[in-house]
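FYI, the numbering just counts along the sequence from 1. Everything quoted here is computed from the prediction, not taken from an experiment. Only heavy atoms go into these numbers, but all of them, side chains included; no hydrogens, no water, no symmetry mates.
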Amino acid sequence: MYLVGIIPGPTKPSTDQINHFLKLLVDDLLPFWNPGVTFSRTAKYPDGRIIRIALIPIVCDLPAAKQIAGFSGIGSKFFCSYCLLPSYDIDNVDRSQWPPRDVETHRKHATAYRDAATPEERQRLFDQFGVRWTELLRLPYWDPISFTVVESMHILYLRILRYHCRVAWRMNVDLEDGEIASGEGTKSFARPSDEDMCNGAEALATGTFAALDTCTKPVLYHLCQDRDLRRASTKRALIKTLLNWVRERPSKPFIPPRPSKKTPQTDAESARLLVEGTATVSDVSLLRFTKPILASLCDGKSLRRSGNKSDLVGRLLDWRGEQPPLCAKQNQYDNNVHDAPANFENSPDSPRTEHSGPTRDMNGDQSHCVVLGQSLVTEIRKDMLRTELPTWVSKAPKALGSTAQGKLSADQWRAACTINMSITLIRLWGGKNGVTKAMLNNFMDLVTAVELGCMFIISPGHINQYEFYMLRYLENFKDLYKTLRLVPSHHIALHLGEFLCSFGPVHAWRAFAFERYNYLLQRENTNGKFGEIELTMMNHTCRVANVRTLIQEDHIRSAICEMVDAYSNFANEDRRGTRIRDVLQSDKTVTTQGQTHPASKEVILEDKIYSALLQLIDTTEEHRYVAEGVPRSSRQLFLSRKAVPSNRILICGVSYRPSDFSHCDSNIIFRSASDSRPEAGRIVKIFLHHRYSPNQSIIEETFLAVQPLIPLSDIDIPRDPYRQYPIAGGFLCYNQYHNDRRIIRPSGVICHFAKTIMRIQSIRQPCVHVLPLDRVGGPVTNELYLILIDYVVVEVYGAPRASSRTRYRHVRSLVVTEGVLPLDRVGGPVTNEPYLILID
């Protein structure tokens, strides 16, 4: 990383002041592009070389990106840097309706802003087009739309995951599950007078924008609430929602007469919505309806219809008072050891909820209920204590959900949501129906999208899957949380696929490394002499890089081993987290590091490991080895029983260790052979082995002895709630290891996994939950290793239901799997029926 300059504080520059700093950078970049800079000599070209440099991606958080690239802020009308969707239509997730931005038009408006004669004229142009001049536009090749990337660390981890937990689920350990919470997204409106609501109903009946525009926002809000419509947005968006509702109705609604003391209301639907809704109802409001309407409502509620209007209204109000609110209904979990929060509707008679969309939502005050309250967060913390994570993973804070914990970092949000919450919520909610299961499905769609979007290897199929799951998450989020607005980060996340196609996997251009650099700069004590600080830091960085490179050489390490250890302790770099994982991923070497003090000695391999090693070598090499002490032919070779044990092996920069040295780093997903299914197990031994080849040369190889977990039986597989989510859910095994050993080469190691011991009531034996931490290849399960390359799973249903429930799209291939494929998204038991996977 090259440090160009540091902008002096104490505050950040304004939107126009930033151009003075960018001008210095652009002045240096212009000659590097045209005609280029000639170096008289380089390491590879002694006769010289012409160097050209281009500035392409801008990697920073959303506010900084908009400031540098010359876009208006996220609170403006044109909040998106990639399309011209207006902010009042932010709930629109149909990409075909998003007006695209054009780079030539952008440059035209930016130039007009620069050339404006007065500040007032500039402000007018900025308000109209949402574009200002930036010095980067002086670079002839620079495209502000395509080069201002969607930075995944801030968008996915620090914004969307945080918003779901903090806002949608009101995470707060100080409150009990189901309590009403205040805060972001809890704004509501008092119900207007009956006369104003009747005027609004008349305006709605006309079905025109002009009529509804005369209503106040509270009237529009409660018109949407009475009709169970989404009501979280601007006034214009509320009108659009109501007009869509009018157009989708089978017939034009009846226009009720204007209410008065002499004119009773005859709209049965309005009366039903008033009685069954969540708003406060008075007897005066109901007395305005006719007696037949009130009697019909009593019949529907199994109430007596005798008496006058006052008697009917009294019975309806009594019935309404006896109905428990959605937040207070008990949620009995019949398939789990731990009780889940008793605050969300989940009765046995509730309708089943398919993964394609929830049947009920968090309406009215229910949307302000605490989901991640004291009880549920306590369960998450208990599972965190039982979960073994490899040392390279940054763990979620122990005080998760507490205000004393403060802000969580991006890595902490990633671990908390994609690991800890997924483990606990699927255990508690995986066998449920109704709104609880819909909330789980919606959350797991988000986790799946995040995992797919942050893979180290990306294909067009992965990008399609990311867009599919993210779009489904947002669509179902709008249905579940009707009072919560989508925020700009939700919309911008749908643009991430475009940049995955342009720039490849996000680990090469996300902000983890840059934020770490900012942190290091902030810790430095300086003399405030800007202009000299940059040169000093660059020289110091080069020296450190050279020292670290030198001490990696074997002959140098052996000569100054004590100094190397002392330097490592002094540097004391935290090797946990996504940042260091991104850096080490580029290291494709495999290195064994055994004990240094004292030197490791050869040992005799135990019989099980020796037999497995002999079997592996015989099946992978053309010449045959035999065990020592066994008669052999002239073409056969003895396989030595001696090996040098090691306490660690580095594969792509990740440390794997035997279980005797580290339980956490020994849990792996592996393949015994290149064509075998992935399995979960633990490393019991790492050793360096030598053998002779037919030409008497020495072959030196590192092997791992692995003890696999016992997978679930065919009877218990359908009882595993985690297999409903094959990409992000993991799977269960029995908490028992095979007695035999598998010998594998380092290439057979796929990844670590998070191990959590748990009890599932429907499974008699204790279980281990296996959550693969693979960031490279794709989803891993015990029964299915599925990487959808260039395809997207559209629907997954049981075969008997496919004819009536599958939404057909253009299908390029149809795959029928045999056996059990537990991908049930409907919420009921997973059967042994054949499954159809429609591949689009």
With no hydrogens and no angle check, is any side-chain donor or acceptor of [X] less than 3.5 Å from a backbone partner on [Y]?
X: Q765; Y: N735; value: no
X: R381; Y: L400; value: yes
X: E151; Y: A511; value: yes
X: S422; Y: C417; value: yes
X: Q412; Y: S394; value: no
X: N442; Y: Y473; value: yes
X: R648; Y: S646; value: no
X: Y722; Y: I423; value: yes
X: D445; Y: M470; value: no
X: R742; Y: F670; value: no

Does a sphere of radius 6.0 Å around [atom1] in [X] hold more than 12 heavy atoms from other residues, nucleotides or ligands, not counting ones at 6.0 Å or beyond?
X: H663; atom1: NE2; value: no
X: H738; atom1: NE2; value: yes
X: N739; atom1: CG; value: no
X: E628; atom1: CD; value: yes

For this session: Please test R641 against D607 for salt bridge (charged side-chain N to carboxylate O under 4.0 Å, His left out), starting from the C-alpha separation and ending with a verdict.
Result: CA-CA 9 Å; R641 297 183 67 101; D607 292 340; 2.6 Å; yes
Exercise. Could you go step by step and tell me if R671 and I750 meet the side chain to side chain contact (heavy atoms under 4.5 Å, CB included) rule?
Worked result: CA-CA 7 Å; R671 282 196 184 93; I750 299 175; 3.8 Å; yes
Problem set entry | salt bridge (Lys or Arg N to Asp or Glu O under 4.0 Å) contacts touching residues 650-669 (sequence neighbours left out) |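 Every pair satisfying salt bridge (Lys or Arg N to Asp or Glu O under 4.0 Å) with a residue in residues 650-669: there are none.
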For this session: Hey, could you give me each pair passing salt bridge (Lys or Arg N to Asp or Glu O under 4.0 Å) that has a residue in residues 698-711? Not counting sequence neighbours.
Result: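 Every pair satisfying salt bridge (Lys or Arg N to Asp or Glu O under 4.0 Å) with a residue in residues 698-711: R691-E701, E701-R745.
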Side chains of [X] and [Y] in contact at under 4.5 Å (non-hydrogen atoms):
X: L709; Y: E679; answer: no
X: L452; Y: I727; answer: yes
X: C733; Y: I710; answer: no
X: I604; Y: K642; answer: yes
X: F687; Y: L613; answer: yes
X: L639; Y: H689; answer: yes
X: W413; Y: R166; answer: yes
X: V770; Y: I669; answer: yes

To the nearest 0.5 Å, what is the distance between [atom1] on [X] and [atom2] on [Y]?
X: Y469; Y: E451; atom1: OH; atom2: CD; answer: 12.5 Å
X: N667; Y: S662; atom1: CG; atom2: OG; answer: 8.5 Å
X: L712; Y: I760; atom1: CG; atom2: CD1; answer: 9.5 Å
X: I763; Y: D716; atom1: CD1; atom2: CG; answer: 4.5 Å
X: L161; Y: L446; atom1: CG; atom2: CG; answer: 5.0 Å
X: L385; Y: T756; atom1: CG; atom2: OG1; answer: 11.0 Å

If every non-hydrogen atom of [X] is compared with every non-hydrogen atom of [Y], which pair is closest and at what distance?
X: C751; Y: L773; value: SG-N, 3.9 Å
X: I686; Y: P658; value: CD1-CD, 3.7 Å
X: A627; Y: L614; value: N-CD2, 3.9 Å
X: F753; Y: A680; value: CE2-CB, 4.0 Å

Problem set entry | For R414, the option from V450, V393, L408 that meets side chain to side chain contact (heavy atoms under 4.5 Å, CB included) |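 Output: one option passes, namely V393.
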Exercise. Out of I426, V447, I380, which one pairs with M421 under the side chain to side chain contact (heavy atoms under 4.5 Å, CB included) rule?
Worked result: I380
For this session: List the steps and the verdict of side chain to side chain contact (heavy atoms under 4.5 Å, CB included) for V173 and L372.
Result: CA-CA 7 Å; V173 75; L372 292 178; over 6 Å; no
Have [X] and [Y] got a donor and an acceptor in their side chains that come within less than 3.5 Å?
X: S459; Y: H462; answer: yes
X: S666; Y: S659; answer: no
X: D383; Y: T424; answer: yes
X: S697; Y: S693; answer: yes
X: Y725; Y: N441; answer: yes
X: Q374; Y: D177; answer: no

Exercise. Do the rings of W509 and F503 sit parallel, tilted or perpendicular, given the 30° and 60° boundaries?
Worked result: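 The rings of W509 and F503 sit tilted, inter-plane angle from 30° to 60°.
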Problem set entry | Salt-bridge criterion met for K608 and D740 (N-O under 4.0 Å) | no
Exercise. Does K685 come within less than 4.0 Å of E606, counting only side-chain N to carboxylate O?
Worked result: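 Answer for the salt bridge query: no.
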Problem set entry | ring-ring contact (aromatic ring centres under 6.0 Å, His included) evaluation trace for F731 with H769 | CA-CA 6 Å; F731 56 92; H769 176 251; 7.7 Å; no
Exercise. Does the pair E379 and L428 meet the rule for a side chain to side chain contact (heavy atoms under 4.5 Å, CB included), with working shown?
Worked result: CA-CA 9 Å; E379 290 297 328; L428 297 177; 4.2 Å; yes
For this session: Mind checking side-chain contact (heavy atoms from CB on, under 4.5 Å) for A410 and listing every partner two or more places apart, or none if nothing turns up?
Result: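 Residues passing side-chain contact (heavy atoms from CB on, under 4.5 Å) with A410: M153, Y157, L158, F512.
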Exercise. By salt bridge (charged side-chain N to carboxylate O under 4.0 Å, His left out), which residues pair with D174, not counting sequence neighbours?
Worked result: none
For this session: List for me each residue that meets ring pair (Phe, Tyr, Trp, His ring centres under 6.0 Å) alongside Y734, sequence neighbours excluded, and say none if there are none.
Result: none
Exercise. Which residues pass the ring pair (Phe, Tyr, Trp, His ring centres under 6.0 Å) test with F443, sequence neighbours left out?
Worked result: H164, W169
For this session: Go through W392 and V654 one step at a time and tell me if the side chain to side chain contact (heavy atoms under 4.5 Å, CB included) criterion holds.
Result: CA-CA 7 Å; W392 62 266; V654 178; 3.6 Å; yes
